[in-house]
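Contents: one structure, followed by commentary.
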Amino acid sequence: MVEEHKKQELKRKKVMYTRLHVLWLAIFLLFAVLILRLSVVQLVDGEEYLKKAEENNIKKIPTVAPRGIIYDRKGKELVTNEPIFTAMYIETNHSDDVKIEMAKNLAELLDMEAADVLEAMDVGVNLDGQKVEPKQPRYTLKKIKAGLTEEQVAKIRERPEKFPGVNVVYEPKRLYRDDTFAVQTIGYVRSFSGSQQLDKYKEIEEKNPDEYLDWEQVGNDGIEYAYQDELRGKHGSKLVRVDAQGRIVEELENENPEIGHSLYLNLDETIQLEGEKFVESHLRKLRSWEMGRYRAPHAKNAYAVMMEVDTGKVRAMISYPDYDPNVWQGKISEKFLEEEIKYVGKNGTITSVPPDVRGSSNPDVEINRHPWSILPMGSTYKPLNILMMLNEGIIGPYTGFNDRGAYHYARSTNPVRNDNSHAYGYLNPRTALMKSSNVYMAWTGHQFYRRTGGEDGDALDILSKYNQQFGLFTSTGVDLPGESKGNEDYIDMVENGSNSVLGATVLASFGQAQRPTALQLAQFAATIANDGVRMQPQLVDKIVDSEGNVVQEIEPKVMSKADDIKQEYFDVVQDGMELVTSSGGTARSLFRNLPHKVAAKTGTSEQDIPIYDGDRFVRLKRVENSVMVAYYPADDPKVAVAAVVPEGGYGSRGAGPIVEKLLELYQREFMDKKEGV
């Protein structure tokens, strides 16, 4: 009995030990799995988890680099930077309710809408607490508002618990002058996020979305856009530690930003500013009753360019009306985008800009009743017409024609007439330019048409070739974006069947079937003065680094040469343009205060503007535009000028005084000082 009991006890202990062994084995295996998992976390996934942990308390804050400075030719500052306070948001782990409450507090302080603040914070929730899709990664630094006052900065820093995640940093802001110096030429900046409709930035965003900061200022027009890569600096950064409230408590590393390269322009501050002021007062005078029968009540716009003949350096570029480029800083008002931008957002010297009809009862209707900035060049084309006819053998240097005031080139059309049907009598190429005879030009155009094969000939192709040789209806090569090539209407009117080759050729001979830009007109005048050598218009003289070291000198560039035209033909045209400003010429009342003679050509272009009632065409309204080109001095050309005044009337009355003023300024600022006067 006792023996049996011992056997059962031994058996029970054996079962118990077996169970204990299984339990210890299970415990061992469990610990082995835990240790293995911990090793994986530490050795394999540790870096990722460490990064996530650090993101909660260590942030890399970019330091935006200031853009380069823009100077005039003498080194006077045109565009600079100023440091401003900016509110930035670093997302915290607070609840959505806390973030919404913070947005409301900040909106009240910064005079913003709470919804706009929350949208800038980009925390994935709206003002109603509803989830929305964030636009940026969670831990990206977000810009809320730039340009904070010192009082606003103090309140944010005094009550950090009221504004969790909000920090105030310095940021460079582009600063433009109050005098609106050459604003359409220089351009403006906007945030990168607001500029992605532009091809340059659209491509960057697609290829390298991290290259630009969303709030970084980038060039949107003019020099600012054309030289974006040069003006943009190299951003720095700060590695900082933040607390649970999102406040920066420690700066760990600092990499300073590098300012962008600066530009020295060829624009002269004095000529540009005084020219702009004169244009404004001159247009006001043109619209006044003081002008008597020469009054131009709708003359509200003007465009002028001055460039040096042998270098292409642009000394003045005026597009009026101008505007304040600082309007682009921050959020743009809907009113500005709807009502103002169409008048002030583009450079009318290089592209087509609508008339300034602000203040009219219905500008959408009124805008169809006035010419835009690109308009028929009128009689300013006549020098090239004479040059072409000489070179093509249609006329010789002394070929005469009796101008009786009208020329019939086809039975079924109205004759070409001079101004007021004036008959100038016997003319040669020089006096035809002097008197601005439409009849003489139409006669040469008719002979040219016949000589080149009539309706099946190549008159228009030859015409287009000469135009492009002298900078018309082709790229001038200017270092600005958005340049228009103008309109060769003499081609369009044949292609659409509105006129014959004969009619188009004759109309083009005296400038009524082609519309160049003001810059093309200036390059055209300079090319005639330069005996057919066409220079690239250049706005930038040199690029320098932050230490003032020259990075690049912009050298003069020849665009083309009219080597196939004899010098004696240039002499004929140049003599004729000089006669324009002499007694008996169309510009005889101008340039009396200049010590040297001026070679010029006035133009009064007629233009038919279609008037619509809704979509229904009503009638054509004929307007007279004022155009003028000139170079100076006539016997040793230094500079060429072109001016255009839509609806400005006679060339000598509307555009002439602008050309005169700019040449007087050039004489004073360049020639007098060099001559020691």
Given the rule in the side chain to side chain contact (heavy atoms under 4.5 Å, CB included) test, do L106 and I156 qualify, once you have shown the distances and angles that lead to the verdict?
CA-CA 9 Å; L106 195 60; I156 290 174; 4.1 Å; yes
Run the side chain to side chain contact (heavy atoms under 4.5 Å, CB included) test on V639 and L663 for me, step by step, so that the C-alpha distance in whole Å, both residues' side-chain angles and the decisive distance to 0.1 Å come before the verdict.
CA-CA 8 Å; V639 68; L663 289 180; 3.8 Å; yes
Step by step, work out the salt bridge (Lys or Arg N to Asp or Glu O under 4.0 Å) result for E151 and K155.
CA-CA 6 Å; E151 182 182 358; K155 289 185 177 180; 3.5 Å; yes
Under the criterion salt bridge (Lys or Arg N to Asp or Glu O under 4.0 Å), I'd like the reasoning laid out for K135 against E133: C-alpha separation, chi angles, the key distance, then a yes or no.
CA-CA 6 Å; K135 299 175 183 177; E133 188 67 27; over 6 Å; no
Is there a salt bridge (Lys or Arg N to Asp or Glu O under 4.0 Å) between D541 and K313 once you walk through the steps?
CA-CA 8 Å; D541 181 50; K313 293 182 177 182; 3.4 Å; yes
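With T517 contributing its side chain and I350 its backbone, the two residues share no donor-acceptor pair below 3.5 Å. Checked by atom type and distance alone, the side chain of Q520 pairs as donor or acceptor with a backbone atom of T474 at under 3.5 Å. With hydrogens and angles disregarded, a donor-acceptor distance shorter than 3.5 Å links the side chain of Q152 to the backbone of L109. Without hydrogens or angle criteria, Q228 side chain to G219 main chain gives a donor-acceptor distance under 3.5 Å. A donor-acceptor contact shorter than 3.5 Å links the side chain of N301 to the backbone of D356. Remark: the backbone N or O of Q523 is paired with a side-chain donor or acceptor of T527 at under 3.5 angstrom. Side chain of H235 to main chain of A65: a donor-acceptor pair is present (N/O by atom type, distance under 3.5 Å, no hydrogens or angles). Panel note: side chain S237, backbone E255; no donor-acceptor pair is recorded below 3.5 Å. Under the 3.5 Å distance criterion, the side-chain polar atoms of D310 are left unmatched by any main-chain donor or acceptor of E308. A donor-acceptor contact shorter than 3.5 Å links the side chain of Q536 to the backbone of G477.
D111 CG: 12 or fewer foreign heavy atoms inside a 6.0 Å radius. In this structure, E113 places its CD atom where only 12 or fewer heavy-atom neighbours from other residues, nucleotides or ligands lie under 6.0 Å away. Within a 6.0 Å radius of CG in D178, no more than 12 heavy atoms belonging to other residues, nucleotides or ligands are found. Surrounding NZ of K200 are more than 12 heavy atoms belonging to other residues, nucleotides or ligands, all under 6.0 Å away. Within a 6.0 Å sphere centred on CD of E211, heavy atoms belonging to other residues, nucleotides or ligands number more than 12.
Taking the centre and axis of the six-membered ring of F670, the NZ or CZ atom of R73 falls inside the cone set by 45° and 6.0 Å.
Aromatic ring pairs are classed by plane angle as parallel below 30°, tilted from 30° to 60° and perpendicular above 60°; the pair Y212 and Y201 is perpendicular.
The salt bridge (Lys or Arg N to Asp or Glu O under 4.0 Å) check on E274 picks up R668, with sequence neighbours excluded. Partners of E276 according to the salt bridge (Lys or Arg N to Asp or Glu O under 4.0 Å) rule, which considers only residues two or more places apart in sequence or in another chain, do not exist here. Scanning for side chain to side chain contact (heavy atoms under 4.5 Å, CB included) contacts around Y89 gives E91, T92, K99, M102, M121, V123, K142, I144, V166, with sequence neighbours left out. Checked against salt bridge (Lys or Arg N to Asp or Glu O under 4.0 Å), E555 has no partners two or more places apart in sequence or in another chain. In this view, E101 satisfies the salt bridge (Lys or Arg N to Asp or Glu O under 4.0 Å) rule with no residue, not counting sequence neighbours.
Inspection of the Y666 and D268 side chains reveals no N or O donor paired with an N or O acceptor under 3.5 Å. In summary, the side chains of Q538 and D479 do not present any donor paired with an acceptor at a separation below 3.5 Å, with no hydrogens or angles considered. No side-chain N or O of H261 forms a donor-acceptor pair with one of Q552 less than 3.5 Å apart.
Rounded to the nearest 0.5 angstrom, K300 NZ and L286 CG are separated by 13.5 Å. Atoms CD and OG1, on E483 and T476 in that order, are 3.5 Å from each other to the nearest 0.5 Å.
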Report all side-chain donor-acceptor pairs from residues 74-83 shorter than 3.5 Å, counting only partners two or more places apart or in another chain.
from, atom 1, to, atom 2, distance (Å)
K76, NZ, E269, OE1, 3.0
N81, OD1, R174, NH1, 3.1
N81, ND2, R67, O, 2.7

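Two residues are said to be in side-chain contact when any heavy atoms from C-beta on lie closer than 4.5 Å; H282 and K661 fail this criterion. Looking at heavy atoms from C-beta onward, V353 lies out of side-chain contact with Q184 at the 4.5 angstrom threshold. Within the 4.5 Å cutoff, the side chain of L265 has no heavy atoms near those of the D72 side chain. For the pair R315 and L665, the minimum side-chain heavy-atom distance is 4.5 Å or more. Side-chain contact between L519 and P537 is present, with at least one heavy-atom pair separated by less than 4.5 Å. Y176 is listed as a side-chain neighbour of E224, based on a closest heavy-atom distance under 4.5 Å. In this structure, the side chains of F192 and L213 stay at 4.5 Å or more apart for every pair of heavy atoms. By the 4.5 Å heavy-atom criterion applied to side chains, R157 and V168 are counted as neighbours.
Ion pair D96/K131 flagged as a salt bridge, since at least one NZ, NE, NH1 or NH2 atom sits closer than 4.0 Å to an Asp/Glu carboxylate oxygen.
Checked against a 6.0 Å centroid threshold, the rings of Y303 and Y320 do not count as neighbours.
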